[in-house]
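Below: the structure, in structure tokens.
So you know, we letter chains A, B, ... as the sequences are listed, proteins then strands, and number each from 1.
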Amino acid sequence: MSAPLALSQPVICVVGATATGKTALAQALAEIIDGEVVSADSMQIYRGMDIGTGKIPPCERTVPYHGLDICDPGTPYSAALFQILARTCFDDIETRGKRSVLCGGTGLYLRAALDDYDFPSGTQVENPVRERYARLLEQRGALAVWNMLASIDPASAALIHPNNTRRVIRAFELLSEGRRYATLHEGLAQLEQIVPAIFIGLAVDPPLLNKRIDRRVDAMIEDGLVDEVKNLLDQGFHDGVTAPQAIGYKEIVAALEGRLSFDEAIERIKIATHRYAKRQRTWFRKDARIQWLCADSQDTEQLAYRACTELLQ
RNA sequence: GGCGACGUGGCCAAGUGGUAAGGCAGAGGCCUGCAAAGCCUUCAUCCCCAGUUCGAAUCUGGGCGUCGCCU
């Protein structure tokens, strides 16, 4: 249990699926309330990943930003690190007498920042246990490793599908730290929010959003996504574990390496983004704290006005 | 006009007499540190008509359509 963050005013939290207009609204709100934006985006964290992540270009920034360009794509990052970063930002911004606008689409990062998530092992990202079980998985298969988990920690195993190898490994990691996945999972529903916040969700009709996504992907290509990826590859992009999984990057890498045509790559980026947006929708849908605004129209001024008058009193 | 091939869910595609594989997309869902990741669930009666047969997506005939070649 962590102590609640003492902020004089709640963090304004702009959430929603990709391409719904979060960035524009967050900046508009920050301007109005004299705030600073804290980005909660697992990929905008990375330096040099700009076009493909939809990062707002420096020349368009009208307020201070945090949570962008924190580390190189080759460096591992995690929700636990973001938790510390975000809370430090909230504190600092408070100290400066300003307000925080948290903006992002990475659901886990948002919850890590605002709710009482307790990550064992602090900030250490790499864990030898992960490596060991990954190897075991290759040798013996998913079911065998899951069975191992079931024999020593049946409660946790019961919560994890055998095919969900990532989480099976995570359960072993937790065991090695004397924690149980099941115990943490139990507390999930009653996790307390320890940072005061107002949640504004941007909702866009899914078919409309998909069209918007398609247009945005085409624009990214026109804006030079391919060159951006080439540069990253020169800088050892492949060494990263998280960054190379980013939509828009893995596909272009495949095209550059001749495993895909560029047309196929672009098509896959669009589809992957549609699916990502869908997952974001399911994640946010169940969070009762979110107050939804229809963002079918992309009129930022009007959205900001409505947010201020309807949701921020 | 002739000859040949083909016609299975939104797309790709198995199945050649025994009651519709699979993949992709879509939809729904899960979630405490790789989360733009990972995982789960779900989704057709086989172009139409007539026939053969206990039984047809699978065989026969006709129609329609598509593609290819030829004139």
Side-chain angles (χ1 to χ4, degrees), chain A residues 2 17-19 39-46 49 52-55 71 73-86 104-127 129-131 133-134 137 142 146 156 158-174 177 179-192 206-207 210 213 216-217 220 239-252 264 267-287:
Chain A
S2 310
T18 185
S39 163
D41 186 300
S42 66
M43 294 301 169
Q44 293 190 4
I45 287 283
Y46 294 107
M49 295 174 68
T53 63
K55 197 182 290 173
C71 63
T75 316
Y77 200 79
S78 79
L81 289 170
F82 181 74
Q83 179 175 62
I84 295 164
L85 172 77
T106 305
L108 180 62
Y109 280 27
L110 288 161
R111 287 205 71 185
L114 303 172
D115 296 339
D116 193 17
Y117 267 61
D118 161 35
F119 296 107
S121 298
T123 57
Q124 182 199 334
V125 179
E126 258 132 5
N127 188 325
V129 177
R130 201 180 280 188
E131 184 75 7
Y133 283 94
L137 262 168
W146 182 86
S156 295
L159 293 168
I160 306 171
H161 188 100
N163 287 346
N164 200 351
T165 54
R166 283 255 174 118
R167 207 140 284 140
V168 171
I169 290 179
R170 179 64 190 148
F172 278 114
E173 269 183 64
L174 287 167
E177 295 158 13
R179 306 292 290 267
R180 280 167 194 273
Y181 179 89
T183 315
L184 292 172
H185 186 269
E186 225 171 88
L188 241 195
Q190 313 90 265
L191 268 194
E192 283 197 40
N210 284 351
I213 286 168
R216 188 156 94 144
V217 171
M220 285 174 179
D239 300 337
V241 281
T242 312
Q245 298 176 343
I247 297 171
Y249 292 83
K250 54 174 175 247
E251 296 85 357
I252 296 296
E264 283 169 331
E267 197 50 39
R268 287 202 195 187
I269 293 171
K270 290 176 180 171
I271 290 166
T273 310
H274 298 171
R275 307 201 59 187
Y276 171 46
K278 181 174 137 73
R279 265 178 280 133
Q280 289 176 304
R281 246 177 264 135
T282 25
W283 178 285
F284 292 126
R285 191 144 47 191
K286 68 185 175 193
D287 193 329

| request: Determine the interplanar angle of the A:Tyr77 and A:Tyr109 rings, folded into 0 to 90°, and report it as parallel if under 30°, tilted if 30 to 60°, perpendicular if over 60°. | output: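 It falls in the tilted class, 30° to 60°.
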
Using a cut-off of less than 4.0 Å, is there contact between a side-chain N or O of [X] and OP1 or OP2 of [N]?
X        : N      : value
A:Arg166 : B:rC39 : no
A:Lys270 : B:rA25 : no
A:His161 : B:rC30 : no
A:Asn163 : B:rC40 : yes

Is there a donor-acceptor pair under 3.5 Å between the side chain of [X] and the backbone N or O of [Y]?
X        : Y        : result
A:Gln44  : A:Ser39  : no
A:Lys55  : A:Met43  : no
A:Ser156 : A:Ala182 : yes

| request: Using side-chain hydrogen bond (donor to acceptor under 3.5 Å, both in side chains) as the criterion, list what pairs up with A:Lys270, not counting sequence neighbours. | output: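 For A:Lys270, the residues satisfying side-chain hydrogen bond (donor to acceptor under 3.5 Å, both in side chains) (neighbours in sequence not counted) are A:Asp218.
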
[X] [atom1] to [N] [atom2], straight-line distance once rounded to whole Å:
X        : N      : atom1 : atom2 : answer
A:Tyr181 : B:rC39 : OH    : C1'   : 10 Å
A:Ile45  : B:rC34 : CD1   : P     : 14 Å
A:Tyr276 : B:rC39 : OH    : C1'   : 17 Å
A:Ile160 : B:rC40 : CD1   : C1'   : 13 Å
A:Gln280 : B:rC31 : CD    : P     : 17 Å
A:Gln44  : B:rC34 : CD    : C1'   : 18 Å
A:Trp146 : B:rG38 : CH2   : C1'   : 17 Å
A:Glu264 : B:rC12 : CD    : P     : 15 Å

When both hydrogen-bonding distances must be under 3.5 Å and the geometry is Watson-Crick or G-U wobble, what is [N] paired with, if anything?
N      : result
B:rA57 : none
B:rC6  : B:rG65
B:rC34 : none
B:rU16 : none
B:rG1  : B:rC70
B:rA21 : none
B:rU45 : none
B:rG28 : B:rC40

How many angstroms lie between atom [atom1] of [X] and atom [atom2] of [Y], to the nearest 0.5 angstrom?
X        : Y        : atom1 : atom2 : answer
A:Asp287 : A:Leu110 : CG    : CG    : 9.0 Å
A:Thr18  : A:Ile247 : OG1   : CD1   : 7.5 Å
A:Asp116 : A:Glu192 : CG    : CD    : 7.0 Å

Under 4.0 Å, heavy atoms only, any strand: does [X] hit a base, just the sugar-phosphate, or nothing?
X        : answer
A:Asp115 : nothing
A:Phe82  : nothing
A:Thr273 : nothing
A:Gly52  : base
A:Tyr109 : sugar-phosphate
A:Lys286 : base

What integer number of Å spans the [atom1] atoms of [N] and [M]?
N      : M      : atom1 : value
B:rG15 : B:rC59 : P     : 13 Å
B:rU19 : B:rA44 : C1'   : 14 Å
B:rG65 : B:rA56 : P     : 28 Å
B:rC24 : B:rG61 : C1'   : 37 Å
B:rU53 : B:rG18 : C1'   : 12 Å
B:rC43 : B:rA27 : C1'   : 8 Å
B:rU71 : B:rG55 : C1'   : 45 Å
B:rA25 : B:rU42 : C1'   : 14 Å

Dump every N/O contact between nucleotides 26-29 of chain B and the protein below 3.5 Å, one line per pair.
{"residue": "B:rG28", "atom": "N7", "partner": "A:Lys278", "partner atom": "NZ", "Å": "2.7"}
{"residue": "B:rG29", "atom": "OP2", "partner": "A:Arg285", "partner atom": "NH2", "Å": "2.4"}

| field | Test side chain to side chain contact (heavy atoms under 4.5 Å, CB included) applied to A:Leu174 - qualifying residues, sequence neighbours left out | value |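 Testing A:Leu174 for side chain to side chain contact (heavy atoms under 4.5 Å, CB included), a comparison that skips the adjacent residues, returns A:Pro120, A:Arg170, A:Glu177, A:Arg179, A:Tyr181, A:Leu184.
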
| More 5' along RNA chain B: A:Ile247 or A:Thr183, using each one's nearest nucleotide? |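 Looking at RNA chain B, the more 5' nearest nucleotide goes with A:Thr183.
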
| task | Please examine the side chains of A:Pro162 and A:Val168, heavy atoms only from C-beta on, and report whether any two atoms are closer than 4.5 Å. | result |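 No; the side chains remain at least 4.5 Å from each other.
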
